[in-house]
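Just so you know, ligand 1 is whichever comes first in the structure, and atom 1 is the first atom listed for that ligand.
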Amino acid sequence: MGKVQSHALLNFPVQDPTDKKEGEAFLVKLQKVLDQHIDAEAIDLTGEIPAAGIEALKKLGAFGIKIPKEYGGLGMSQVNYCRALEVTAAHCVSTAVLLSAHQSIGVPVPLKMFGTPEQKKKYLPRLAAGEISAFALTEPDVGSDPAKMTTTATLTPDGKHYILNGKKLWCTNGVIADILVVMAQTAAKVEKGREKKQISAFILETKGAEGFKVLHRCKFMGLNGIQNGLLEFKNVKIPRENLLGQEGKGLKLALSTLNQGRLSLPASAVGWVRKCLTWSREWGNERVQWGAPIGQHEAGSSKLASIAADLYAVDAMTTLASLWVDHKKRDIRLEAAMCKLFGSVKSHEAAELALQLRGGRGYETSASLKARGEKGIPVERVVRDSRINQIIEGTTEVMGLFISREALDRHLQIAGDVINPKAPIGKKLSGLVRSIGFYSLWYPRQWISFPVWFRFWGMGKLGCHFRYLHCTSKRLARTTFHLMALNGPGLERKQIQLMRLVWIATELFAMGAAIGRATAGKKFGENGSEAVMLADSFCQEARIRIRQHFQGIYCNSDSVKRKLGLQVLKGQQKWLESSF
Ligand SMILES: Cc1cc2nc3c(=O)[nH]c(=O)nc-3n(C[C@H](O)[C@H](O)[C@H](O)COP(=O)(O)OP(=O)(O)OC[C@H]3O[C@@H](n4cnc5c(N)ncnc54)[C@H](O)[C@@H]3O)c2cc1C
């Protein structure tokens, strides 16, 4: 809506010192276990995380990092949890996914949010001790649109059990899980004479569950160590008391779980990008071509700068959102979605840049490098492992739609009836009065930026970026309004335009977080001028990208691309597919 919450960004919160100390002590122990038991290269080659490694992680409490102490967990904060994932992912991404699928989206999260005291007492201690859990939502025919799921759970006539039937695909940890949270359709409800589909969530213990079968362990381009499967449920009996939350609230539970878990992916990403930065710096100095270290050629130094600046921004956004979770000050759904969107794209870009900088060695496997006597830097594995974050827990496109809906929501509340051609005339008129009342004050304000010119001068270079953030937020707000007025409800289908708005908003949030963190740099023990350099470089790049997105809104090839895309879909351009 054009408003920047300067206070929230510039007063970058600090982690409680006791919490930090506790977290750091845990990270030291975690690193020890990883060094001792987790060989990422062997896991990539064999596709198995060794049982001894999983046992050691269980003993350490790594499966119950966020589970409250009263239930046998470590009861750590969101920030400490994110740092644990970061450290694990820097060492082995598959192992980070094992921990994350269990406690970012697995049973502990919905159980904490929606479980009864009895369910919590029964399951949380077991989950904290390391009984592995998984989240089963996706089905072969249902991915981004889970509301259309076909797995069913039918209540038995005596009302004591549900009978589960269906299949779930790509369930991470599903192959080895002891306990699943499964979403399924329960009996439809009739509301106002119309049948309404009901989705409910269940806790399912897999051990001894008759009719439960792992049909296939899926293999992917990366993350070779994850135990991800196609699961089948054939008349599986679930006791009624294992219904999680209320009947019919299963989709809400699933989406809330994904919202809660969303910060895990960018946090893990920070881990592997730190590694990419180290490898790139070292190779940038070591490798000499054309008489100079490759990092000193401009093409090389610009890669190092991009990796470093983007890392700084993704880390700042994720830390900020995590601290907001811990301080319980705000609803961070939107920020978490932006961290996920931005972190997934930027971390994969960073891995690609590191690969390019290492040239042929970037493309060579670490085992092959070692076999011929070189350091086994696994950049190619990180490129393979990092790609998935743009697909899981909401694809980049679906995150974009989610963020844009949140952005349009306020406008739709005010002016939705006016632009809705199906709204009755009475509603249109009252909507019009409401809209005139609101927009006559709000809209002119989106053109007035000059008061901000007199602010933030004490912040040096970053002050200039912060003023830009204020002015551009207003520009974004009025552009969103213009597009709504121009397209009406049809704007929802203009996905490329919406994505431009989403990227501008996300870049602005990233800028705000980076500036906030650099301004508060000393609190984090960072060297002030270096942190300012990182934030400044990131902001300059972000501003260039933002300018391109704005230009794209009014000058683009969207309609011709749409036409061509539909032609391709129909097969009109099929001749192009053949070499003969
Ligand atoms: C390694 C891995 C681990 C996974 N772990 C789990 C897990 O633990 N639990 C679980 O339940 N699921 C899991 N999944 C499933 C994952 O969440 C889905 O793959 C994801 O939600 C996307 O669904 P889909 O693959 O069916 O793609 P689809 O939904 O078929 O989408 C295909 C493409 O179309 C785009 N698209 C879809 N709808 C729209 C739209 N309305 N507008 C514009 N574009 C659209 C998507 O962005 C995507 O690019 C996992 C998947 C993988 C590969």
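Contacts between K168 and ligand 1 below 4.0 angstrom, taking non-hydrogen atoms only, are absent altogether. At a 4.0 Å heavy-atom cut-off, ligand 1 touches T395 through the side chain alone. Counting heavy atoms under 4.0 Å from ligand 1, residue I388 touches it through the side chain alone.
The side-chain contact (heavy atoms from CB on, under 4.5 Å) test with V236 singles out one residue from V182, N165, L204, T206, and that residue is L204.
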Open item on the list: Applying side-chain contact (heavy atoms from CB on, under 4.5 Å) to H348 and N389, what does each step give before you reach the verdict?
Closed with: CA-CA 8 Å; H348 185 66; N389 277 13; over 6 Å; no
Open item on the list: Please determine whether side-chain contact (heavy atoms from CB on, under 4.5 Å) holds for the pair F220 and I388, giving the CA-CA distance in whole Å, both sets of side-chain angles, and the decisive distance to 0.1 Å.
Closed with: CA-CA 9 Å; F220 303 99; I388 191 60; 5.8 Å; no
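Judged by the 6.0 Å distance and 45° axis criteria, R262 is positioned over the aromatic ring of F402.
Closer than 4.0 Å to atom 28 (P) of ligand 1 lies at least one heavy atom of the protein. Under the 4.0 angstrom criterion, atom 3 (C) of ligand 1 counts as having a protein heavy-atom contact. Less than 4.0 angstrom separates atom 45 (C) of ligand 1 from none of the non-hydrogen atoms of the protein.
Side-chain atoms of Q185 come within 3.5 Å of backbone atoms of M149 as a donor-acceptor pair (strictly under, hydrogens ignored). For the pair D44 (side chain) and R381 (backbone), a donor-acceptor distance under 3.5 Å is absent. With hydrogens and angles disregarded, a donor-acceptor distance shorter than 3.5 Å links the side chain of Q103 to the backbone of I65.
Heavy atoms of N173 stay at 4.0 angstrom or farther from ligand 1. Judged by the shortest distance from any of its heavy atoms, N228 lies inside the 4.0 Å radius around the atoms of ligand 1.
Classified by interplanar angle (parallel below 30°, tilted 30° to 60°, perpendicular above 60°), the ring pair H411/F481 is tilted.
Considering only non-hydrogen protein atoms, atom 36 (N) of ligand 1 sits nearest to S144 OG, 4.5 Å. When hydrogens are left out, the protein atom nearest atom 43 (C) of ligand 1 is Q495 OE1, 3.2 Å; that is the closest non-hydrogen contact. With respect to atom 49 (O) of ligand 1, the closest heavy atom belonging to the protein is E397 OE1, 3.6 Å. Among all non-hydrogen protein atoms, the one lying nearest atom 8 (O) of ligand 1 is T172 N, 3.1 Å. When hydrogens are left out, the protein atom nearest atom 12 (N) of ligand 1 is T138 OG1, 2.7 Å; that is the closest non-hydrogen contact. Here the heavy atom of the protein found nearest to atom 25 (O) of ligand 1 is W170 CZ3, 3.2 Å. Of all protein heavy atoms, the one closest to atom 39 (C) of ligand 1 is V398 CG2, 4.6 Å.
Taking every non-hydrogen atom of F135 and a distance limit under 4.0 Å, the qualifying atoms of ligand 1 come out as 7 (C), 8 (O), 9 (N), 10 (C), 11 (O). With ligand atoms numbered from 1 in the order given, ligand 1 contributes 2 (C), 3 (C), 4 (C), 50 (C), 51 (C), 52 (C) to contacts under 4.0 Å with heavy atoms of I392. Near I391, with a cut-off below 4.0 Å to any heavy atom, the atoms of ligand 1 are 19 (O), 20 (C). Within ligand 1, counting atoms from 1 as listed, the ones closer than 4.0 Å to a heavy atom of L401 are 40 (C), 41 (N), 42 (N).
Here the closest non-hydrogen pair linking C339 and F509 is SG-CE2, 4.2 Å. When every heavy atom of G343 is checked against every heavy atom of P266, the shortest pair comes out as CA-CB, 4.4 Å.
One distance of note links CD1 of I546 with CZ of R500; it measures 14.5 Å at 0.5 Å rounding.
By heavy-atom distance, the residue among A134, G143, G229 lying nearest atom 26 (O) of ligand 1 is G143.
Remark: K346 engages E349 in a salt bridge, criterion side-chain N to carboxylate O under 4.0 Å.
Within 6.0 Å of NZ in K249 there are 12 or fewer heavy atoms belonging to other residues, nucleotides or ligands.
Between L137 and ligand 1, an N or O atom pair is found at a separation short of 3.5 Å.
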